Every structure is written in structure tokens, then in C-alpha cells.
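On a predicted model such as this, the values are computed, not experimentally measured, just so you know. Count residues from 1 along the sequence.
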Amino acid sequence: MEIEYMQQMVKNPKLYGFVNEGMNLEEIKHLESVYNYENRFPKAFREYLYLGGNFSNIPFDDWGKGFEAMQKRMLKDLADENQSTERPFFAFDNTADCYLFIYLDEEVEDPNVYVFIPFAETFDMEFIKPNGYTFSEFVNETIHRIKNDIPM
């Protein structure tokens, strides 16, 4: 796979002493068939999975149970908050009591990152909102912060 967006992952395969472990194309296609109606994921996200989908050295947390379990937890948490999304999405991080995810139907190669905050109503906040980064910008910023010991 030609890497266009995830150059920082290519340049930094080892961080915190951990080495990325990517998915093969068949594993990526399996996820696409389950979560995106057999349509390809956006290129930036495919590259991420190819380089670090089985284990990523950047602190995207899949709770050790894999991405599929995270999708189920996010759907459950959406339902618990009487929220839903008819749009296909893929959650890639679940830390600090929120989920980071991308919508898979934006028809761009580098999709925007969104945050879903369960219990947002308690704090008079929106449940789902953009976090201000595209996926590749978010990955690059995360790597920059790790390398420069800047808190997330």
C-alpha cells in the first residue's frame, strides 16, 4: 500500500518502546465489510490500519479487546443516551470517558475526527461534535506530542 497520509507513522514505528503492528489487507477488508457496507474506508484510515491496526504505539485505546468491541460499546453508549447515528462510523479511541471516531460517508480521503461524549447533557454539552482535526492531522499531532512530552 502506498502511504500518503500516515508519513509520521512510517517515520516513527517505535514510540514509548512499543512498535506498531499493522493489519493485512484482508483484515482491513473484513472491517470494511462489517462497518462500511463493503465500501473502502477513507485512505488515511486504511493507511493507519495497515501500519498500526493490530497494535498502535500511539495511545489510541481499544481496551485490548479490539476495534469490533469498541464499536459495540459506542453503539451501546449512544443508545443509553438516547442518541443514534444513521451514518456509518468507526470509533478508534475510547479514553477519558469519550469516544473519538470518524464518519465513513464523508467521501473524503482524510475524514474529520468527531468526539462522542456520554453524559454530555450533564455538562450542558453536545453529545457529538467535531474535534477540529482531520484523521491524519490528529495522528500527526498525537505523535508530535508523544515525541515532545506534551500532555494530550
Side-chain angles (χ1 to χ4, degrees), residues 1 3-16 18-81 83-118 120 126-147 151-152:
M1 174 181 294
I3 304 301
E4 179 181 348
Y5 294 98
M6 295 292 119
Q7 290 297 317
Q8 287 301 312
M9 283 188 74
V10 170
K11 292 177 184 175
N12 297 282
K14 185 175 182 180
L15 294 168
Y16 287 140
F18 298 104
V19 178
N20 286 331
E21 180 183 323
M23 290 182 164
N24 65 42
L25 292 178
E26 289 305 312
E27 291 171 307
I28 295 169
K29 287 177 184 178
H30 168 73
L31 291 177
E32 290 170 334
S33 71
V34 173
Y35 297 104
N36 203 24
Y37 311 105
E38 299 194 23
N39 296 314
R40 293 183 102 174
F41 287 149
K43 184 167 177 40
F45 190 60
R46 276 186 127 233
E47 290 177 8
Y48 168 79
L49 293 173
Y50 186 74
L51 295 169
N54 281 324
F55 181 83
S56 174
N57 62 20
I58 54 181
F60 294 164
D61 184 12
D62 68 3
W63 294 26
K65 297 179 181 176
F67 285 119
E68 294 184 65
M70 188 185 308
Q71 308 320 298
K72 290 177 184 173
R73 284 193 309 275
M74 184 169 157
L75 283 170
K76 181 188 178 309
D77 286 348
L78 281 164
D80 287 350
E81 296 295 335
Q83 300 293 309
S84 66
T85 178
E86 300 301 316
R87 299 175 65 187
F89 69 89
F90 200 91
F92 62 88
D93 190 17
N94 178 229
T95 55
D97 297 322
C98 66
Y99 294 86
L100 294 174
F101 70 98
I102 57 173
Y103 283 115
L104 301 172
D105 62 356
E106 288 189 339
E107 298 185 13
V108 295
E109 295 295 350
D110 191 12
N112 293 312
V113 174
Y114 294 85
V115 61
F116 163 56
I117 307 168
E126 297 175 58
F127 282 102
I128 295 176
K129 62 183 182 178
N131 84 340
Y133 290 100
T134 66
F135 186 72
S136 68
E137 290 170 343
F138 188 74
V139 169
N140 290 339
E141 178 64 18
T142 301
I143 291 170
H144 169 76
R145 287 173 177 257
I146 290 169
K147 289 174 64 177
M152 300 305 242

Under 3.5 Å: donor-acceptor pair, side chain of [X], backbone of [Y]:
| X | Y | result |
| --- | --- | --- |
| Glu106 | Pro111 | no |
| Glu47 | Ile3 | no |
| Asn54 | Gly22 | yes |
| Asn57 | Pro13 | yes |
| Glu4 | Ala44 | no |

Open item on the list: Testing Phe67, Phe101, Phe135 one by one against Phe92 for a ring-ring contact (aromatic ring centres under 6.0 Å, His included), which residue passes?
Closed with: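 Exactly one option meets the ring-ring contact (aromatic ring centres under 6.0 Å, His included) with Phe92, and it is Phe135.
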To the nearest 0.5 Å, tell me how far [X] [atom1] sits from [Y] [atom2].
| X | Y | atom1 | atom2 | answer |
| --- | --- | --- | --- | --- |
| Met70 | Asp77 | CE | CG | 11.5 Å |
| Leu104 | Asn39 | CG | CG | 9.0 Å |
| Asn20 | Phe55 | CG | CZ | 8.0 Å |
| Met6 | Leu49 | CE | CG | 10.0 Å |
| Ser56 | Leu51 | OG | CG | 9.5 Å |
| Leu31 | Arg46 | CG | CZ | 10.5 Å |

Task: Phe18 CZ: over 12 foreign heavy atoms closer than 6.0 Å - done: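 Result for CZ/Phe18: open.
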TODO: With sequence neighbours left out, write down each residue that passes side-chain hydrogen bond (donor to acceptor under 3.5 Å, both in side chains) with Lys76, or none if nothing qualifies.
DONE: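 With sequence neighbours excluded, Lys76 shows a side-chain hydrogen bond (donor to acceptor under 3.5 Å, both in side chains) to Asp80, given in chain and number order.
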Open item on the list: Taking the ring centre of each residue, are Tyr114 and Tyr103 less than 6.0 Å apart?
Closed with: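 They qualify: ring centres under 6.0 Å apart.
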Task: Centroid-centroid distance, Phe60 to Tyr48, less than 6.0 Å - done: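 Centroid distance Phe60-Tyr48: below 6.0 Å, so yes.
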- [ ] Apply side-chain contact (heavy atoms from CB on, under 4.5 Å) to Arg145 and Glu141, showing your working.
- [x] CA-CA 6 Å; Arg145 287 173 177 257; Glu141 178 64 18; 2.7 Å; yes
Task: Any Ile128 side-chain heavy atom under 4.5 Å of Gln83 side chain - done: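 They are not in side-chain contact.
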TODO: State, yes or no, whether a side-chain contact exists between Met74 and Asn94 at a heavy-atom distance under 4.5 Å.
DONE: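 Not touching, per the 4.5 Å side-chain cut-off.
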Task: Phe90 and Phe45 aromatic ring geometry - parallel, tilted or perpendicular at 30°/60° bounds - done: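 The rings of Phe45 and Phe90 sit tilted, inter-plane angle from 30° to 60°.
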Open item on the list: Can you list everything that forms a salt bridge (Lys or Arg N to Asp or Glu O under 4.0 Å) with Glu27? Sequence neighbours excluded, please.
Closed with: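 Testing Glu27 for salt bridge (Lys or Arg N to Asp or Glu O under 4.0 Å), a comparison that skips the adjacent residues, returns none.
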- [ ] Show your reasoning for whether side-chain contact (heavy atoms from CB on, under 4.5 Å) applies to Tyr5 and Thr134.
- [x] CA-CA 11 Å; Tyr5 294 98; Thr134 66; over 6 Å; no
Open item on the list: Between Gln8 and Asn12, do the side chains contain a donor N or O and an acceptor N or O under 3.5 Å apart?
Closed with: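 Per modelled atom types, Asn12 and Gln8 side chains form a pair under 3.5 Å.
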TODO: Using the side-chain contact (heavy atoms from CB on, under 4.5 Å) rule, take Asp110 and Lys43 through it: C-alpha gap first, then chi angles, then the decisive distance, then the call.
DONE: CA-CA 7 Å; Asp110 191 12; Lys43 184 167 177 40; over 6 Å; no
